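Right, one structure below, let's go through it.
On a predicted model such as this, the values are computed, not experimentally measured, just so you know. Counting begins at 1 with the first residue of the sequence.
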Amino acid sequence: ETGELIARELGSLNGTLVKHVLELFQNQRVNNPVAVSEAAGLLKHQNRYIASQAAKYLESLENIDAKTKKELEKFRNKR
């Protein structure tokens, strides 16, 4: 699936592109395990803007797995 291919590249994109891709995912309600996993990985990104965009996307999802919820909680507590 195209969404999964794009999701796998999130870590190599700049902040603006990450923002646009994650906004697209959010608008299209992309909630597949690959997209969620890749976005969760961005929560630890050295660029705070990218990490924040990932958090915004993950927070928009209704049902995320326990591991991702835990990572999101860690990120929120760092703020």
Side-chain angles (χ1 to χ4, degrees):
E1 177 185 316
T2 304
E4 288 181 8
L5 292 173
I6 295 170
R8 292 184 205 282
E9 297 300 319
L10 281 172
S12 66
L13 302 177
N14 69 34
T16 302
L17 288 174
V18 167
K19 178 182 186 226
H20 290 304
V21 169
L22 292 177
E23 283 177 347
L24 177 65
F25 283 3
Q26 189 173 349
N27 292 337
Q28 296 299 314
R29 302 190 194 286
V30 174
N31 190 13
N32 68 52
V34 173
V36 172
S37 175
E38 293 295 328
L42 292 178
L43 293 172
K44 297 177 183 175
H45 199 281
Q46 64 185 9
N47 183 323
R48 190 74 178 161
Y49 178 77
I50 289 174
S52 294
Q53 294 303 310
K56 183 178 173 183
Y57 164 67
L58 292 169
E59 289 167 347
S60 77
L61 302 176
E62 292 181 19
N63 296 314
I64 55 174
D65 60 274
K67 180 181 176 190
T68 302
K69 282 182 185 178
K70 191 173 183 177
E71 291 298 319
L72 192 52
E73 193 63 35
K74 281 184 196 176
F75 176 80
R76 287 183 191 138
N77 291 334
K78 279 186 179 180
R79 291 183 190 181

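Between the side chain of Ser12 and the backbone N or O of Glu9 there is at least one donor-acceptor pair closer than 3.5 Å.
When every heavy atom of Ala51 is checked against every heavy atom of His45, the shortest pair comes out as CB-O, 4.2 Å. Closest heavy-atom contact between Gly15 and Ile50: CA-CG1, 3.7 Å. Between Ala35 and Ala7, the closest heavy-atom pair is CA-CB, 3.7 Å.
At a threshold of 4.5 Å between non-hydrogen side-chain atoms, the residues Glu23 and Tyr57 do not count as touching. Two residues are said to be in side-chain contact when any heavy atoms from C-beta on lie closer than 4.5 Å; Glu4 and Asn32 meet this criterion. Between Val36 and Val30, every side-chain heavy-atom pair lies at or beyond the 4.5 Å cut-off. Within the 4.5 Å cutoff, the side chain of Phe25 has no heavy atoms near those of the Asn31 side chain.
With respect to the salt-bridge test (charged N to carboxylate O, under 4.0 angstrom), the residues Lys67 and Glu71 do not qualify. Ion pairing between Arg29 and Glu62 fails under the 4.0 Å rule for side-chain N and carboxylate O.
For Glu73, the side-chain hydrogen bond (donor to acceptor under 3.5 Å, both in side chains) partners at least two apart in sequence or on another chain are Arg76. Take Thr16 and apply the side chain to side chain contact (heavy atoms under 4.5 Å, CB included) test, not counting sequence neighbours, and it matches Asn14, His20. Taking Asp65 as the reference, Thr68 meet the side-chain hydrogen bond (donor to acceptor under 3.5 Å, both in side chains) condition, with sequence neighbours excluded.
A distance of 9.0 Å separates OG of Ser37 from CZ of Arg8, quoted to the nearest 0.5 Å. Here Leu72 contributes atom CG and Leu61 contributes atom CG; the two are 9.5 Å apart, rounded to the nearest 0.5 Å. Here the straight-line distance linking atom OG of Ser60 with atom NZ of Lys56 works out to 9.0 Å at 0.5 Å rounding. One distance of note links CG of Leu17 with CD of Gln53; it measures 12.0 Å at 0.5 Å rounding. Here the CZ atom belonging to Phe75 is positioned 8.0 Å from the CD atom belonging to Glu59, to the nearest 0.5 angstrom. Note that the CG atom of Leu42 and the CG atom of Asn47 stand 10.0 Å from one another [nearest 0.5 Å].
Val34 and Leu13 are members of different hydrophobic clusters when ILVMFWY side chains are connected at heavy-atom separations under 4.5 Å.
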